[in-house]
Amino acid sequence: MARASRRANQGVNIQAVAERAGVSAMTVSNVVSGRRKVRETTREAVLAAVQELGYTPNVAAQALASAGNIRLGLLCSTTESAFLSSILVGVLDATTALGAQVLLRRVPVDRSDEILDEIERLAASGVSAILIAPPYCEAISRSGFVSTTQVPLMAMSPGDALPNMPSVGIDDFAAARDMTRFLIGLGHRRVGFIRASETHIISHTRQAGYRAALEEAGLSWNRDLAAYGDLTFESGLVAAEHLLGLAERPTAIFASNDDMAAAVVSLAHRRGIRVPEDLSVAGFDDSPIAVKIWPPLTTMRQPVARIAARAATLVLQGLRTANADTTLPQAEYLPYELIERESTARLP
């Protein structure tokens, strides 16, 4: 994702100062902006690192902070999906309650090469930190760009801990393992799985959980029982065509989100396959579509709005708390919940 046009005059970033001083990026922001009182020893350590590294703060963000007004940037691909709409709701709930503002930026997937430029524009506009939804948080983490940005970044529901960016989410591996265990516990031995596209970390963590449950039950992983989708209903139809077209089709299908699971149910209806009598179907997220189809979906509830609200709250607390010399958690996990509905049944 690195771009040759990356500005050469960005200089040392806030994370480098934080690492040199042994504090969080939030604390560096508080010291250089003068926004919050910080312990004298901490302030001296930060200022020494600033001088040693020649750090130049983001002037726009500093001016905004001194006015007592905190704005958070929110970067996502769209707000049209239920998942990303829930992220927006969660962020707005938290920032409204805590008296902050949100600056939303949407970068379509087909313009993903503009992500890094958009982050730079957000930083220059005066935001104090940026919240990033998947798959962009994952791609940015892999790109090395985190080491050059001027403001703290926070990932929301990335699918796994990111090596250089704090995040809030769920344990996707464990959640997928638990759903697969549930289906196996109903007597299913041929369990199909629909992965997300490779650009999402959940493509790997959720499949790993699925395969771990198979191994625990003494079942071999069958490549024919795995299909890909891009988390859309349409891609779920294509994946379902493959799985339901097998000579020995699965008796249960677990999809990586509810839209693709709903597509499986839809295709099963068209083919005269009864759900759940002939085929059990399970999804992931517990999005609105899970209860709008018939039969309603068994799914793994991911508290997306709560995840987003928690991420925003952690960032704002770090920006506003006096003596805030603690680092944001590298990965904080919220609980998930298996919701059993009528789309799954015990194998006769």
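Just so it is clear, the model here is predicted, and its values are computed rather than measured.
One hydrophobic cluster holds both L92 and L314 under the rule that ILVMFWY side chains link at heavy-atom gaps under 4.5 Å. Clustering ILVMFWY residues whenever any of their side-chain heavy atoms sit less than 4.5 angstrom apart, transitively, puts L246 in the very cluster that holds W221.
Only one option out of D259, D258, N257 pairs with S287 in a side chain to side chain donor-acceptor pair (under 3.5 Å); it is D258. Only one option out of L84, V107, I87 pairs with C76 in a side chain to side chain contact (heavy atoms under 4.5 Å, CB included); it is L84.
Side chains of L186 and F182 form a contact here, defined as non-hydrogen atoms less than 4.5 Å apart. Taking the side chain as every heavy atom from C-beta outward, R310 and I307 never approach each other to under 4.5 Å. Side chains of P158 and I132 form no contact here, defined as non-hydrogen atoms less than 4.5 Å apart. In this structure, I202 and L231 have side chains that are in contact, with non-hydrogen atoms separated by less than 4.5 Å. With a 4.5 Å cut-off on side-chain heavy atoms, R177 and E216 count as touching.
Side-chain contact of T205 with D160: a donor-acceptor pair under 3.5 Å is absent, judged by distance alone. In the model, T251 has no side-chain atom that pairs as donor or acceptor with a side-chain atom of R190 under 3.5 Å.
Judged by distance alone, with hydrogens and angles left aside, the side-chain atoms of Q330 form no donor-acceptor pair with the main-chain N or O of S167 at under 3.5 Å. Judged by distance alone, with hydrogens and angles left aside, the side-chain atoms of R346 form a donor-acceptor pair with the main-chain N or O of G185 at under 3.5 Å.
Note that the OH atom of Y136 and the CD1 atom of I130 stand 14.5 Å from one another [nearest 0.5 Å]. Going from atom CZ of R206 over to atom CD1 of I194 covers 13.0 Å, rounded to the nearest 0.5 Å. Expressed to the nearest 0.5 Å, how far CG of D117 lies from CG of L122 amounts to 11.5 Å.
Around atom CD of E337, more than 12 heavy atoms belonging to other residues, nucleotides or ligands sit under 6.0 Å away.
For F254, the ring pair (Phe, Tyr, Trp, His ring centres under 6.0 Å) partners two or more places apart in sequence, or in a different chain, are F193.
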